[in-house]
Every structure is written in C-alpha cells, then in structure tokens.
2 protein chains.
Amino acid sequence: MEDVETRELRYFVAVAEELHFGRAADRLGIAQPPLSRAIRRLEHRLGVELLERTSHGSRLTPAGEVLLAEGRTALDAVAAAARRAQRAGPKACLVLAMKPGGDAGLLPAILAAYEQSPDALPVEFAFSIGDRGAMLRDGRADVGLLHHPQNDLSGLATEELVVERRVVALAESHPLAACDELRMADLSAEEIPRFPEAARPGTGPLVGDVGELMQLVALGRAVALVSESAALRPHRGVVYRPVLDATPATLVVAWAESSRSREVAAFVTAARRAASEEASGTS
Amino acid sequence: MEDVETRELRYFVAVAEELHFGRAADRLGIAQPPLSRAIRRLEHRLGVELLERTSHGSRLTPAGEVLLAEGRTALDAVAAAARRAQRAGPKACLVLAMKPGGDAGLLPAILAAYEQSPDALPVEFAFSIGDRGAMLRDGRADVGLLHHPQNDLSGLATEELVVERRVVALAESHPLAACDELRMADLSAEEIPRFPEAARPGTGPLVGDVGELMQLVALGRAVALVSESAALRPHRGVVYRPVLDATPATLVVAWAESSRSREVAAFVTAARRAASEEASGTS
DNA sequence: GTCCTCCATACCCGGAGGGTATCGCCTCCG
DNA sequence: CGGAGGCGATACCCTCCGGGTATGGAGGAC
C-alpha cells in the first residue's frame, strides 16, 4: 500500500472539519479542484469512502470519523518530531508549558531541583491558559504542569504532584462572601467565566487571561473556581472561600511519551522531589 | 515553517538506521543522490544538522537522535491512521493482537462477553510472538493482550487483567525436574531460547514459534520460562516447575490511546469483566 | 422550472522528485 | 608516499505530480 503523506492528511482534516470543500480549500490556501482530487485519490488509495458528498456540504462516513481522529494525532506527532528535532540543535532548551500561576507554588523548588541535574537544559516558559495538552502533543512544549481532570491527559504520560482543593473567588461585597464555606449548589446561579479555549461549553462571559478574570470577579460580575494555591496571591477586592464538594484538582507533570529524553526525565524527577518535599514540609 | 512530509521522515529514518546513504537508498528503492538531497533539504528546513557525514558512514547528531525517535512514532501514527481508516470501511472488524496461548485462558470468556456488547464487531486475530506493541502503535491491530513488563507498553493505554506466576518448562529427563520448585539462579547455566524479535539480546538458540520452542525443551536442549497458564496445555515430554523468584507477568489488555472507539472500549470492558469473573470464580 | 450552490471533470503549467554521470574527499593499504 | 576504493555531494536532465483556471453536472430551494 502506498503511504499517506502529511499533506494529504492535512487536506482531509481540513475538509472533515469544514465539511465543505470550498471553505477547506480556502483555509488551506489552494483552489477547490486540487483539493477534491486529493481527497478522491486518498479515498481510492485507502479503498474506503471517507465522505458522503451531498449537494449541500458533505458528511463523514465511519471511516472518515476514524481518519479524522487518528489523522489529527498523526499530524501532531509529525509536527512534534519536527519541532523537537529543531529544538535539539545547538541552542537546546526545555520548554515548559504551564498556566500562569498554575504551579501550586512549586515552580521555584522544581526549577531549583532541575538545575542541579547534570542533564539540565535552560528552561523556556510557554505560558498558555487553554491548550497545554495540545502543546505537549504537537511538540511546542516538552513538559507541562497541568491539572487533572480539568485537562485532557490522553496521549500523555503523567505523574501526580499534589492534590489541590478548589476555592471560589468572590467579590468582597458578594453576598456569598459572608459564608465561611460553600457548596457547588450555592454557585449554580452565578456567572462563571470561560476562557476561549475551554472545551466544555458554558454560558459565562469570555475572558482572555487571568487578569481579566480577576477584574470581573472584583466587580462582582462573576465568580471563579480556582485552585487553593491561587488564593495565596491576594487580589484587591477579591476574597476566597472553600467549596466543599468541588472536585479537587490534581496538579500533574506531563510529557509526551515519545520524548522520554534524559532532560525530560530529569525534570520529572525534579518535580516529583519538589512535590514530596513540599508535602512533608507543610504537613 | 514548511511542514515535514512522511516521505522525508521515512527517508531520514532509513538513513539514521543504516548510517549509510547508499544502503539506505537501496533499502528505500531509490538512488543515492536524491536521498542525499532530501536529507539536506530536511536539515535546511529544520535549521538543524541531523547527521555528521564522515568519509566512512555517518553519525547522528543530538537533533538527529531526537528526530529518529520522534519520527518513528510519527510514522507509526500516520500508518495507524491509514490502516484504521481502511478497516473502518464496510467490512469493519476489530483486530486482536496476541501471542498464541498468551491469553491466560481468558480468551473464550472475553470473546463471549464482547460479542454481547451492542458495539461488537467481528474479531480478527493477529497472532504474533514478538511485536504486538508495535502492531498496536502502527495500526495493524486495535487491541492486544500483552504482558508487563515483558512487553514495552509505552505509548499504549493498558488495563491490568491478571498476574501470572512464571514457571519453567523442562524436559522430563532434565535433572532440575526432580525439584518441586526452582529459583532463577538454578537456571543460570541453562540455554534459554529467544524469539528473533526479542529486544534484549541473549545467547540462547533462536526459535520461530512456540512449537519449535517446546520441541527444543522436550529434547532437553533448552528450558523456557512461560506463564503459569501455559502449563495447563501439556506437551509430550515436558514438565513445568514453579520458579519462586521470577518476576511475575501481568497480562494486560492494551490499545492505542488515539483509537478510543466504542468498539475498543467494549472489548476492554469485556476483558475486564472476564478477568474479574475468572478471579472470583477460582478464588 | 429556474437559480444557486457545491462538487467533479478537463486541460494546462511549473516545479519538485527521481535518475545517471561525475567529482571531491577521506581512508586505508601496498 | 601514492594509488585505489568507498562515500557523500554536485551537475544536469527528465518525468510526473500537485496546483491553477474554466467549465460541466447534479441536487436542493423557491
């Protein structure tokens, strides 16, 4: 069987996402006829129909659904290979993906421990609020600090660091601020902001970063569930209250399984050490 | 950045494995000059040197090492996407990779449970002695029964089924057959056969399948460590003795994380059920 | 029926990918 | 020390694939 080129996969993914050859061709920066031919050629080579063409758009066949899912991960893997090879050049570094403030206060200890490793590289930070898992999968980052179950960890290797209880950020003047502790049910009527990348749809206002989020909270226009360590950084006009029945967030160090280099392993070890020392120190 | 095509990755992997442009080109079925150019182009596009050319062969740079490892998994992912899409066509089926006899006796129960699932597909068997993990990674199979820690499970999702103690197969006439139980040290002087695909190198004779293996054992020319369930299938002239300090083998059901289809999930559920019923039934 | 939308077909062109011949360079050996 | 051989790079040519434009045909909306 002839093998599939990444260009063909990118083309198919574009069509499968748009369900429209014209728009997909537009997005890919090519004309529609070559795109149609490329998809037909791909279907013929695989011996499977991928799309049901109707006169108003197209639909995915079961095989198309499979190729969309698997093709995305394959494209991620190819991109990861290229990016990680690039970074392994003379000015090698380790890219850490994390949410600003999403380190449960462990970052200094982790970095200190990592820098003492003989395999340590300079660490670059890739701050991102929403897509840290994707950054690990497609090679934009090498290791990440992310949260379970808030982040999708599939396809990643992980190690748990600490479990963080979740607290709610409220305006000082908010009625609920009078309570010492809350339950999720108490928040059902509140506006909970969302970041644009958030997978789960909601009704809250969209915010771009943590600063905007806290601004909204301080104004009393919204409330926000955050990790308990975030409450250590006070914000003017905002108070924090524990939420008893919120599912706790587990901070994990994550990495792509295909990149089990010494450098990544050293970072994971450093993170593990920092977390366990933190746990024994504060207990 | 221009993206990397799978052809370029295949070319690079071939060169990186052969460390010789001529042999690699031969293996790829092309001439040497186009291959050299393709690699140079790839290096230039990534902005990194991948190989150190010497007059007697080539060596991998650190970036080349990274691209070799990541490129292999990327190629596997692309191949997996193509194969799984092909199989999702009209005559869809679920391919199960397993070692002959490597099911700890669970296979009938697993299949019975799976066939009752509403998502069940016809099951095809892909018997293989050595590379079942690779079959899952590159899409030749959808689910597999493999053993931890004998198999490399990296890049796969797994669920443990049963822990099997290991026993040694001996010829009836073998001196050690007189003992009721053995230790690994007792076997240190014995010939332990290897399958061609076995990663860990050894000195034992090469065997192609389980039949050959048992033949050798019956002749007293070798001994073999096998799972305790294998001892249930008697073989003429062969006896089994427990090995107290052999690390036990855990039978796991494994699948590629990117193919979390309903069919795969149903099979995993069936395997889990069969294993737990087996455990409670025999306890 | 008549548009309109969407995908497929027909045809052409440029350039990337592959082949052959040859060179430059290093190593090894006589 | 010099020639031979092996290895990768370069030069040059050609083919065919990937992409563009123009147009056709089918199906739904009104």
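Quantities reported herein were computed from a predicted structural model and do not represent experimental measurements.
When the C1' atom of dG6(D) is taken as reference, atom CG of L19(B) falls 16 Å away, rounded to whole Å. For the pair Q32(A) CD and dA10(C) C1', the computed distance is 13 Å after rounding to whole Å. In this structure, the CD atom of E49(A) is 14 Å from the C1' atom of dC7(C), given to the nearest Å. The CD-C1' distance, from E5(A) to dG19(D), rounds to 16 Å in whole Å. Note: CD1 (I30(A)) to P (dG19(D)) measures 5 Å, nearest angstrom. If you take CD of E18(B) and P of dC7(D), they are 12 Å apart, rounded to a whole angstrom. The nearest whole Å value for the distance from the CG atom in L51(A) to the P atom in dC7(C) is 9 Å. Taking atom CG of residue D26(B) and atom P of nucleotide dG8(D), one finds them 13 Å apart after rounding to whole Å.
Residue Y11(B) places its side chain closer to dG18(C) than to any other of dG18(C), dG8(D), dA8(C). Here the side chain of A31(B) is nearest to one of dT20(C), dA9(D), dT21(D), namely dT20(C). Out of dG19(C), dC7(C), dG18(D), the shortest distance to the side chain of P34(B) is found at dG19(C). Distances from the side chain of F21(A) to the nucleotides dC7(C), dG19(D), dT20(C) place dC7(C) closest.
Under 4.0 angstrom from either OP1 or OP2 of dC7(D) there lies no side-chain N or O belonging to S58(B). A sub-4.0 Å separation between OP1 or OP2 of dG6(D) and a side-chain N or O of H20(B) is absent. The phosphate of dC6(C) (OP1 or OP2) has no side-chain N or O of T54(A) nearer than 4.0 angstrom. Distances shorter than 4.0 Å separate none of the side-chain N or O atoms of H56(A) from OP1 or OP2 on dA29(D). Look at S36(B) and you'll find a side-chain N or O under 4.0 angstrom from OP1 or OP2 of dA9(D). For R53(B) and dC7(D), the shortest distance from a side-chain N or O to OP1 or OP2 is not below 4.0 Å.
Atom CG of L75(A) is separated from atom CZ of R137(A) by 14.0 Å, given to the nearest 0.5 angstrom. Taking CG from N151(B) and CG from L156(B), the interatomic distance works out to 9.5 Å, rounded to the nearest 0.5 Å.
Heavy atoms from other residues, nucleotides or ligands lying under 6.0 Å from CZ of R27(A) number more than 12. Heavy-atom contacts from other residues, nucleotides or ligands closer than 6.0 Å to CD of E17(B) number more than 12. Counting heavy atoms of neighbouring residues, nucleotides and ligands inside a 6.0 Å radius, atom NE2 of H20(B) exceeds 12 of them.
Using a 4.0 Å heavy-atom distance criterion, R41(B) is classed as a sugar-phosphate-only contact.
Ionic pairing of R53(B) and E43(B) is present here: one or more N-O contacts between side-chain nitrogen and carboxylate oxygen are shorter than 4.0 angstrom.
If you check distances only, the side chain of R37(A) does reach the base of dG19(D) with a donor-acceptor pair under 3.5 Å. The base of dG8(D) does not come close enough to the side chain of R59(B) for any donor and acceptor atom to sit less than 3.5 Å apart.
Each of R40(B) and E8(A) was assigned the nucleotide of DNA chain D with the nearest heavy atom; the assignment lying further toward the 5' end belongs to R40(B).
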